Protein chains: 2
Amino acid sequence: MKRNTWQREAVRTELSRAEGFVSAQGLHSALHTSGSPIGLATVYRALADLALEGDADSLQSPDGESLYRACSTTEHHHHLICRNCGLTVEIEVAAIENWATEEAAKHGFTEAAHVIDIFGLCAACTALASARPTA
Amino acid sequence: MKRNTWQREAVRTELSRAEGFVSAQGLHSALHTSGSPIGLATVYRALADLALEGDADSLQSPDGESLYRACSTTEHHHHLICRNCGLTVEIEVAAIENWATEEAAKHGFTEAAHVIDIFGLCAACTALASARPTA
DNA sequence: TTTGGTGCAAATAGTTTGCATTGTA
DNA sequence: TACAATGCAAACTATTTGCACCAAA
C-alpha cells in the first residue's frame, strides 16, 4: 500500500505548481528553496511513481535530462520551452494531434504516442544572448 | 580544417550501415566487433561532428541515451519509431516544420529546435501483441 | 508493530574533457 | 612541420540503489 508522506505531497504540489516541464533536479532545488529538506533521491522516486501512476508525463530534453510535468489527463497539449530560463508556453493544435495519429496509422502503427515539444530561446533570453554572445 | 581519418570514415560507414538509430556505445562496440580499435571518445566526437554538420540525426531514447542515425538528406525529418522492434520510418512534413517555426516565432522564441517523434507499435508488432498480449 | 518511505552516500551509466601522442595536410 | 584528431583515463552529470533509520497505517 502506498503511504501518504509530506514528501510525496510536496513533489505533487510543486509539480502542479510548475507551468510546464521541470527536471527532477530543478524540482528538488525549487523545493529546497521553499524550505523543504526533501532529499534528491526521494524526488526522483516520487516522480518515477507519479509517472508510473499516470499522474505525471515525462519526456527527455535535448540535453538528455528527464523532464516531468503534471499530467492533465483529459487533454494534452504541447510546449514551447525556453532552454535558457525555462519559460514555458502551452501551445495546442488539434491539427497536429490528428496529423500525428494519421501519420502513424498510415504506416500501420498503433498505440501511437507522440512527443512534440519545441525548445528554443524566449524573447528575453534571445536579447540577453545577443548582448553577451556565447562564442 | 577538418582532417580525414579512417576513424571518421569508420563511424560514417557504420552509421549508414545501421538500419535505424544506434547509440554511440552501440556503434562503438559494433566497430570493435568489426575489428576497428577505435576509441569510444572518438566515436562520441565523430558523432557529435556528424550531427553538427547535418550528416547525422540525433534524438534521445526514452532511456536517456543519445541515438544517432545517418541523415540522408540535408533537410531534417521526423520519425515514427516502433517501441518494440525499433523499426524506424522517416516522416517528413513541411507543414509541421513551418508550424513549429511559426509557433515559436509567434511567442518570440528564437533558435527553435523541435522534438517531434512518434513512438508506437508497428504493424508487425501490433499483430504479435494481439497474438501474445503483454499484460 | 509492521513495512514502505526517506536520506545519505556510494554506485551506475552515459558522455565529455585534459593531455601527451599520432598522423594528416 | 604544424596542428587537428586520437586514445586513454579521469572528470562530470544525471539518475539509481543499498542500507540503516523513521513514520504511516
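Everything numeric in this text was worked out from a predicted model, so none of it was measured. All chains are named by letter (A, B, ...) in the order of the sequence lines, taking the proteins before the strands, and each is independently numbered beginning at 1.
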So, is [X] close to the [N] phosphate, meaning a side-chain N or O under 4.0 Å from OP1 or OP2?
X: T42(B); N: dG7(D); result: yes
X: T5(B); N: dA4(D); result: no
X: S66(A); N: dA14(D); result: no
X: Q25(B); N: dA13(C); result: no
X: Q7(B); N: dG23(C); result: no

What is the distance, rounded to the nearest whole Å, between atom [atom1] of [X] and atom [atom2] of [N]?
X: L40(A); N: dG5(C); atom1: CG; atom2: P; result: 18 Å
X: W6(A); N: dG5(C); atom1: CH2; atom2: P; result: 15 Å
X: Y44(A); N: dG18(D); atom1: OH; atom2: C1'; result: 18 Å
X: L50(A); N: dG5(C); atom1: CG; atom2: P; result: 12 Å
X: D49(B); N: dA4(D); atom1: CG; atom2: P; result: 13 Å
X: L52(B); N: dA5(D); atom1: CG; atom2: C1'; result: 16 Å
X: I38(A); N: dC22(D); atom1: CD1; atom2: C1'; result: 15 Å
X: L31(A); N: dG7(C); atom1: CG; atom2: P; result: 11 Å

Kindly say whether [Y] contributes a backbone atom to a donor-acceptor pair with the side chain of [X] at under 3.5 angstrom?
X: T13(B); Y: E9(B); answer: yes
X: T33(B); Y: S29(B); answer: yes
X: T42(B); Y: I38(B); answer: no

Given [options], identify the nucleotide with an atom nearest to the side chain of [X].
X: R3(A); options: dA24(D), dG7(C), dG14(C); result: dA24(D)
X: E65(A); options: dA5(D), dT15(C), dA14(D); result: dA14(D)
X: A24(B); options: dG7(D), dT15(C), dT15(D); result: dT15(C)
X: A41(B); options: dT17(C), dA9(C), dG5(C); result: dT17(C)

- Query: Under a 4.5 Å cut-off applied to non-hydrogen side-chain atoms, are R8(A) and R3(A) in contact?
  - Reply: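 Side chain of R8(A) against side chain of R3(A), heavy atoms only: no contact under 4.5 Å found.
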
- Which part of the nucleic acid, if any, lies within contact of R45(A), taking any heavy atom under 4.0 Å across all strands shown: a base, the sugar-phosphate backbone alone, or nothing? base

- Item | salt_bridge(R17(B), E14(B)) N-O dist < 4.0 Å | yes

